[in-house]
Engineer: 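One structure, as structure tokens, below. Some questions next.
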Number of protein chains: 2
Amino acid sequence: MAKRTNDPEGLRRRVLDVAAEAFQRQGYHATGMHDLMRQAGVTGGALYHHFPTKKALGLAVIAERVAPQVQETWIDPVLAAPSTAAGIRAVLADIIAGLDARGAVSGCPLNNLALELSLSDIDFRAEIQAVFARWRGALAGKLRAEGRQDAEALAAFVVAAYSGAMAMAKADQTSDALAVCAGQFDALLG
Amino acid sequence: MAKRTNDPEGLRRRVLDVAAEAFQRQGYHATGMHDLMRQAGVTGGALYHHFPTKKALGLAVIAERVAPQVQETWIDPVLAAPSTAAGIRAVLADIIAGLDARGAVSGCPLNNLALELSLSDIDFRAEIQAVFARWRGALAGKLRAEGRQDAEALAAFVVAAYSGAMAMAKADQTSDALAVCAGQFDALLG
DNA sequence: ATATTTACAGACCGGTTGTCCGGTTTTAAA
DNA sequence: TTTAAAACCGGACAACCGGTCTGTAAATAT
């Protein structure tokens, strides 16, 4: 029996980090629990102790990794910007710069999991739907405060177009689709 | 040994139909070969004779089922319409009506497979990218013929927004996102 | 110091995965 | 009629899947 240091929070964090990365890169079903154990340097007993099932781990990844990522990369910057249009422009510019710097496009984590899981499992769907709703809601709130009467529709459209553009970008491994998206948003939101 | 009737084309067609449906409903990795055999009423030997690997089957599904579906539900109707804007409007109206009638949203088959496979396998990515390119190209061609100078960008944006709207629709099992999308397209394309 | 709970180790299980192969039947060619 | 190729059967395969178990070390309460 090897030495060991108890560190529940750290271990849990490590597992979530590895799982979030793997789910985004390879997908949920393509990622095995044993892969995660190996990558995170965690044994089966420890993993099972924190996440009783793979589904529980998946839900935790969405709630504690994907949702905060949407919050930090999209919602917060847009809300902090002088205008919604400027915020969206800045967010897209940041994302495009990041993609070009890394030279690879792994897609929007929310959308990846959404398309893979939302149909087959109702709990996943609920969690994913909630993230989408908060995302749209935040944009719509700011748009409404700026006097737009079609705020909800505009917000939904922006989120949809971004998600789809990211999917296309993933397929052809270029940020072009996002750049196009940014240009159209400028024309649309003034 | 049971009686048997040789019917290569029919068997191949049946397998592709079942696989296309299963891949869309459950995803590629979540669908097992044995499930497909059972659903299609086909033995392992027969399946292996026509598709040496699961990947080969997946590629065939994209080339012979998903791509034609994009062609028939999107490209052909738009090209046949009096104007691109009218064509897109009609296509979206049809899709929304179909979704509402079925009461379930299983998402855009191209996008489903794109997000699940394009990152992990280069052959899948190439096939998917080609379908996206043909889709955008067809819309762009018609837009350019109508005198639009930002035809390529507009076409890419339409495809992206539709794909993303379908993803959101899948997450909340409502055609609302697509309706929003249709409305914005009207404003955008006049 | 003792008892209890929490955190982790690591082997293990039944089921499923994609794949493959030896044999048989059907079909077409010679 | 003989021969060969294509189509199909049905099951076995090793690897792997997610999940479970027993046991032990560490932390915490008593």
Side-chain angles (χ1 to χ4, degrees), chain A residues 1-23 25-62 64 113 116-117 120-124, chain B residues 1-23 25-62 64 113 116-117 120-124:
Chain A
M1 194 77 66
K3 266 296 189 64
R4 128 161 84 103
T5 55
N6 278 10
D7 179 20
E9 287 104 5
L11 191 146
R12 188 186 152 88
R13 186 177 45 78
R14 249 164 47 227
V15 169
L16 282 174
D17 287 343
V18 167
E21 198 269 343
F23 288 168
R25 215 191 41 223
Q26 329 169 357
Y28 177 81
H29 285 111
T31 301
M33 288 301 227
H34 293 274
D35 295 346
L36 296 179
M37 295 177 203
R38 201 174 32 80
Q39 281 183 244
V42 167
T43 60
L47 184 61
Y48 179 73
H49 179 72
H50 290 276
F51 306 99
T53 61
K54 185 182 186 182
K55 175 176 168 178
L57 175 57
L59 289 172
V61 165
I62 296 177
E64 301 178 38
L113 293 175
E116 187 178 0
L117 301 173
S120 48
D121 189 291
I122 191 164
D123 297 315
F124 276 117
Chain B
M1 194 77 67
K3 263 298 189 61
R4 133 161 84 101
T5 55
N6 278 12
D7 179 20
E9 287 106 4
L11 191 146
R12 189 186 151 89
R13 185 176 46 78
R14 247 165 46 227
V15 169
L16 282 174
D17 287 343
V18 168
E21 198 270 344
F23 287 168
R25 215 190 42 221
Q26 327 171 354
Y28 176 82
H29 284 112
T31 301
M33 288 301 224
H34 293 275
D35 295 345
L36 296 179
M37 295 176 203
R38 201 171 33 78
Q39 282 183 244
V42 166
T43 61
L47 183 67
Y48 180 74
H49 179 72
H50 290 276
F51 306 100
T53 63
K54 186 182 185 182
K55 176 175 166 178
L57 174 58
L59 289 172
V61 164
I62 296 177
E64 302 178 37
L113 293 175
E116 187 177 0
L117 301 173
S120 49
D121 189 291
I122 191 166
D123 296 316
F124 276 118

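Just so we're clear, the structure is a prediction, and the values are computed from it rather than from any experiment. Naming: A, B, ... by sequence-line order, numbering from 1 per chain.
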Engineer: Starting from C1' on dG15(C), measure out to CG on Asp35(B) and report it in whole angstrom.
Structural biologist: 13 Å
Engineer: Distance check, rounded to the nearest 0.5 Å: Arg13(A) atom CZ versus Glu64(A) atom CD?
Structural biologist: 12.0 Å
Engineer: Can you tell me which nucleotide in dC8(D), dA7(C), dT19(C) comes closest to the side chain of Leu11(B)?
Structural biologist: dC8(D)
Engineer: Answer yes or no: does a side-chain N or O of Tyr48(B) lie under 4.0 Å from OP1 or OP2 of dT19(C)?
Structural biologist: no
Engineer: Any chance you could measure Tyr28(B), atom OH, to Asp121(B), atom CG, to the nearest 0.5 Å?
Structural biologist: 7.5 Å
Engineer: Under 4.0 angstrom, heavy atoms only, what part of the nucleic acid is Met37(A) near: base, sugar-phosphate, or nothing?
Structural biologist: nothing
Engineer: So His34(B), base contact, sugar-phosphate only, or nothing? Heavy-atom distance under 4.0 Å.
Structural biologist: base
Engineer: State plainly whether the residues Arg38(B) and Asp35(B) are in salt-bridge range, i.e. N to O under 4.0 Å.
Structural biologist: yes
Engineer: Rounded to the nearest 0.5 Å, how far apart are CG of Leu47(B) and OG1 of Thr53(B)?
Structural biologist: 10.0 Å
Engineer: Roughly, in whole Å, what's the span from CG in Asp7(A) to C1' in dA26(D)?
Structural biologist: 13 Å
Engineer: Could you tell me the separation between the CZ atom of Arg38(A) and the P atom of dA9(C), rounded to a whole number of Å?
Structural biologist: 16 Å
Engineer: Nearest-nucleotide wise, let me know which of Gly45(A) and Gly32(B) is further upstream toward the 5' end of DNA chain C.
Structural biologist: Gly45(A)
Engineer: Rounding to a whole Å, what distance do you find between His49(B):NE2 and dC20(C):P?
Structural biologist: 15 Å
Engineer: In whole angstroms, how far is the P atom of dA7(C) from the CG atom of Leu47(A)?
Structural biologist: 14 Å
Engineer: Go through dG18(D), dC8(C), dC8(D) for me and flag the one nearest to the Met33(A) side chain.
Structural biologist: dG18(D)
Engineer: In whole angstrom, what separates Leu36(A)'s CG from dC17(D)'s C1'?
Structural biologist: 12 Å
Engineer: Grab the CZ-P distance between Arg12(B) and dC8(D) for me, whole Å please.
Structural biologist: 12 Å
Engineer: Which residue, Glu9(B) or His29(A), contacts DNA chain D at a nucleotide closer to its 5' end, judged by nearest heavy atom?
Structural biologist: Glu9(B)
Engineer: Given dC8(C), dT20(D), dA7(D), identify the nucleotide with an atom nearest to the side chain of Asn6(A).
Structural biologist: dC8(C)
Engineer: State the CG-NE2 distance between Leu117(B) and His29(B), to the nearest 0.5 angstrom.
Structural biologist: 6.0 Å
Engineer: Taking the side chain of Thr43(B) as heavy atoms from C-beta outward, which of dA9(C), dT19(C), dC9(D) is closest to it?
Structural biologist: dC9(D)
